[in-house]
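We count ligands from 1, going down the list as the structure has it; atoms in each ligand are counted the same way.
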Amino acid sequence: MKAALAVFGQALAHAASGQDSIVDFTSITGDTLARMNAADWYSDSRPGDDALLEPCHASTLDVGCGPGRLVTALASRGVAALGIDISAEAVTEALGRRAAARLCDVFADVPDAGWWGHAVLADGNIGIGGHPVRLLCRCAALLRPGGTIVAETSAPGSGSWRHPVRLRHNGFDSPPFWWAAVAADDIPAVAREANLTVARQWAATGRWFAELLPQT
Ligand SMILES: C[S@@+](CC[C@H](N)C(=O)[O-])C[C@H]1O[C@@H](n2cnc3c(N)ncnc32)[C@H](O)[C@@H]1O
């Protein structure tokens, strides 16, 4: 993962200079599975962010926060928020933007585990670790009673997948690591496997979201 983070760090550095910074998630055979623009993560807000954050009224953990765009947005609404990320470049950038952020793996020791009102998985982060059920179970364990997971999914019908992928940026390919995508029409089944229920699903500006509750 360390070498993958180096490619990710280069993409972030490129985006920091104000340019588009395309990051492709490619299969082992070189097919593009997903394309992202790191400049979006750097912007103050992406179209659809307001709709994504709408359920977050209590303390919120942004899992894989990147340079802290969503943490900053939540703080400006008066919501206590912390971003965690395993990329030192991302956390440094987030702190530089006055977003509360920690260098931390979601599967390791997370601050205030068990006390978060919401855990956010945005911008494809439901793919972290390449095992969405495991990730959702982990996020559920970070919540306080009554807490929810707010997850961004892919569009309905776009298909869900789990694969070893490489990050490709500016001609550089990272070593492979596991990643996943979950389409909106597959999230109910994935949630059920993680002992969660879908409280609601909604869409805004071509982005798809789901709020998940631990089953009682
Ligand atoms: C697709 S980017 C999301 C960018 C971010 N949401 C933003 O607004 O900038 C995925 C992020 O997840 C982070 N990440 C990957 N695995 C992680 C893990 N196990 N724990 C925490 N963060 C992780 C990456 O370092 C990266 O910043």
Review point. Should the ring pair Phe177 and Trp179 be called parallel, tilted or perpendicular, given that the plane angle runs from 0 to 90° and is split at 30 and 60?
Key: perpendicular

Exercise for review: Output yes when the distance from some N or O of ligand 1 to some N or O of Val106 is under 3.5 Å, and no in every other case.
Suggested key: yes

Exercise for review: Answer side chain, backbone, both or neither: which part of Asn125 comes under 4.0 Å from ligand 1, heavy atoms only.
Suggested key: side chain

**Study point:** Mode of Tyr42 contact toward ligand 1 - side chain, backbone, both, neither (heavy atoms, under 4.0 Å)
**Key:** neither

Point to revise | Polar contact flag, side-chain donor to acceptor under 3.5 angstrom, His118-Thr148 | key: yes

Exercise for review: Answer with yes or no after comparing the ring centroid distance for Phe8 and Trp41 against a 6.0 Å cut-off, counting only values under it.
Suggested key: yes

Review point. How does Cys65 reach ligand 1, by side chain, by backbone, by both or by neither, if only non-hydrogen atoms under 4.0 Å count?
Key: backbone

**Study point:** ligand 1 to Asp105 polar contact by distance, N or O atoms, under 3.5 Å
**Key:** yes

Point to revise | Distance-only polar pair, side chains of Thr197 and Gln215, donor-acceptor under 3.5 Å | key: no

Exercise for review: Answer yes or no for Arg200 and Phe209: cation-pi contact, defined as NZ/CZ to six-membered ring centre under 6.0 Å and angle to ring axis within 45°.
Suggested key: no

**Study point:** Contacting atoms of ligand 1, where contact means under 4.0 angstrom from a heavy atom of Ile86
**Key:** 14 (N), 15 (C), 16 (N), 17 (C), 18 (C), 20 (N), 21 (C), 22 (N), 23 (C), 25 (O)

Practice item. Please could you name the atoms of ligand 1 that Met36 approaches to less than 4.0 Å, counting only its heavy atoms? Key: 1 (C)

Review point. Would one find an N or O of Leu5, backbone or side chain, under 3.5 Å from an N or O of ligand 1?
Key: no

Point to revise | Val63 contact mode with ligand 1 (heavy-atom cut-off under 4.0 Å) | key: neither

Practice item. Taking all heavy atoms of Gln201 and all of Ala210, pick out the closest pair and write down the distance. Key: CG-CB, 3.8 Å

